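These numbers were taken from a predicted model, which means no experiment stands behind them. In what follows, every heavy atom counts, from backbone to side chain, and hydrogens, waters and symmetry copies are set aside. Here is how names work: the chains are called A, B, and so on, in the same order as the sequence lines, proteins then strands, and each is numbered from 1.
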There are 2 protein chains.
Amino acid sequence: MSEISTNFTERTIEYEQLLLDFKVLLKNNNLKFTIQREVILECLYNSDEHLTPESLHNILQNKYPDLKIGIATVYRTLSLLEDSKIVTSLSFGAQGKKYELGAKDHHDHLICTECGDITEFVDDQIEKKQHQIADKLGFKMLDHSMQIYGICQSCQQK
Amino acid sequence: MSEISTNFTERTIEYEQLLLDFKVLLKNNNLKFTIQREVILECLYNSDEHLTPESLHNILQNKYPDLKIGIATVYRTLSLLEDSKIVTSLSFGAQGKKYELGAKDHHDHLICTECGDITEFVDDQIEKKQHQIADKLGFKMLDHSMQIYGICQSCQQK
DNA sequence: TCTTTTTTTGAAATATATTATCATTATCGC
DNA sequence: GCGATAATGATAATATATTTCAAAAAAAGA
């Protein structure tokens, strides 16, 4: 039995729900709920940024050094979460794939073509407009994605 | 002097313009116009699909075997074209980056998840809104892409 | 045209990212 | 707790991308 405490900084209702959904999903597929899978989900939940497998691995190594979590486990878990539509992977510009929890509200992305940084935003008017356009063209809208490319504030100052 | 003929299947006005722009760009940056750079641009122009560096390399090896074009040259040229905003790289789902020519008009797409049909549209209000959002967040907007996924009219009738 | 200067090239080496293998360990139903 | 099964970390194997460098090609000048 592990002595590791997950020591969550936040345990919101929303997170509890997400965790429960994850457990149900695992059970339905004869997969096991492990401490590694839990801390990866928790880390994604508590992070505001889009994480690469590498950065996620670093964070986890610092936060839970006794777990000695392997990079392979991070990759495997991210694939599992992506297949299960719990996280979404993005890959814009230069540096590799980035993952984000997909359970939150729908949002679009501003992507810096210089540093690869990704900022999220939501705009109700655009959401509405998209529905209008789909309707007008006799299209049954299921999902959408939008990216704005450009140069972020800090890169402009360089 | 090379004996290779580029043997273009199509040489539209649009392509000639693109090629000219490319030549001007090269000259302005003290770069040289090479047969390799030309066939890569031509191949991207004549392809309907999004190409990976790998697939582009294969196509070029088959089409111009005597050129013996190296994979490094493909990567280098794609980076150059991307930096110059002539092509855009995308990365959907699993493996690696894909490139497409980005010189055309803004591409907003309605994509049918049933039949794969793609309809283009432009909406001024959305374009404006995007600029407003970028401005508000101190972001210098260069480009954008938007996709709406759903079911098209004819697939709904089936 | 020929010569000089500079850039580009292909091949190979290197670096980085991702996936597979496998012996060991953990989970979970009983 | 026990046994069946799945997951783990370490590391090997692949896949993907970039760098190096001598030779070749392109542009500029005469």
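Residue Asn28(A) contributes atom CG, which lies 16 Å from atom C1' of dA6(D) at whole-angstrom precision. Rounded to a whole Å, the CD atom of Glu82(A) is 15 Å from the C1' atom of dT19(C). In this structure, the NZ atom of Lys23(B) is 17 Å from the C1' atom of dT8(C), given to the nearest Å. Atom CG in Leu26(B) sits roughly 19 Å away from atom P in dA25(D) (whole-Å rounding). One can place CD1 of Ile35(A) at 15 Å from C1' of dT25(C), the figure rounded to the nearest angstrom. One atom, CG of Leu67(B), and another, C1' of dA24(D), lie 13 Å apart when rounded to the nearest Å. When rounded to the nearest whole Å, the span between CG of Leu80(B) and P of dT19(D) equals 14 Å. The distance from atom CG of Leu60(A) to atom C1' of dG9(D) is 14 Å, rounded to the nearest whole Å.
Of the two residues contacting DNA chain D, namely Phe33(B) and Asn30(A), the nearest-nucleotide position lying further toward the 5' end is that of Asn30(A). Remark on DNA chain C: of its neighbouring residues Val74(B) and Lys32(B), the 5'-side contact belongs to Lys32(B), judged by nearest-heavy-atom nucleotide. Each of Ser79(B) and Leu31(B) has a nearest nucleotide on DNA chain D; the 5'-most of these lies closest to Ser79(B).
A 6.0 Å sphere centred on NZ of Lys129(B) holds more than 12 heavy atoms belonging to other residues, nucleotides or ligands.
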Whether each nucleotide of nucleotides 11-16 of chain C has a protein heavy atom under 4.0 Å at its base (B), only at its sugar-phosphate (S) or at neither (-) is summarised, 5' to 3', as B-----

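Between Phe22(B) atom CZ and Glu38(B) atom CD the span is 9.5 Å, to the nearest 0.5 Å. Note: Gln36(B) CD to Arg76(B) CZ = 9.5 Å, rounded to the nearest 0.5 Å. Rounded to the nearest 0.5 angstrom, Leu25(A) CG and Leu80(A) CG are separated by 6.5 Å. Between the CD1 atom of Ile69(A) and the CG atom of Leu56(A) there is a distance of 7.5 Å, given to the nearest 0.5 Å.
Taking the side chain of Pro53(B) as heavy atoms from C-beta on, and the options dA6(D), dA17(D), dT7(C), the nearest nucleotide is dA17(D). Comparing atom distances between the Arg37(B) side chain and each of dT5(D), dT9(C), dA25(D) picks out dT9(C) as nearest.
Neither OP1 nor OP2 of dT7(C) sits under 4.0 Å from any side-chain N or O of Thr34(B). Under 4.0 angstrom from either OP1 or OP2 of dA26(C) there lies no side-chain N or O belonging to Gln36(A). Between Tyr75(A) and dT18(C) there is a side-chain polar atom (N or O) within less than 4.0 angstrom of OP1 or OP2.
Defined by atom type and a distance below 3.5 Å, a donor-acceptor pair is missing between the side-chain atoms of Glu54(A) and Asn58(A).
Under a 4.5 Å side-chain heavy-atom criterion applied to ILVMFWY residues, the cluster that includes Tyr75(A) comprises Ile71(A) as well.
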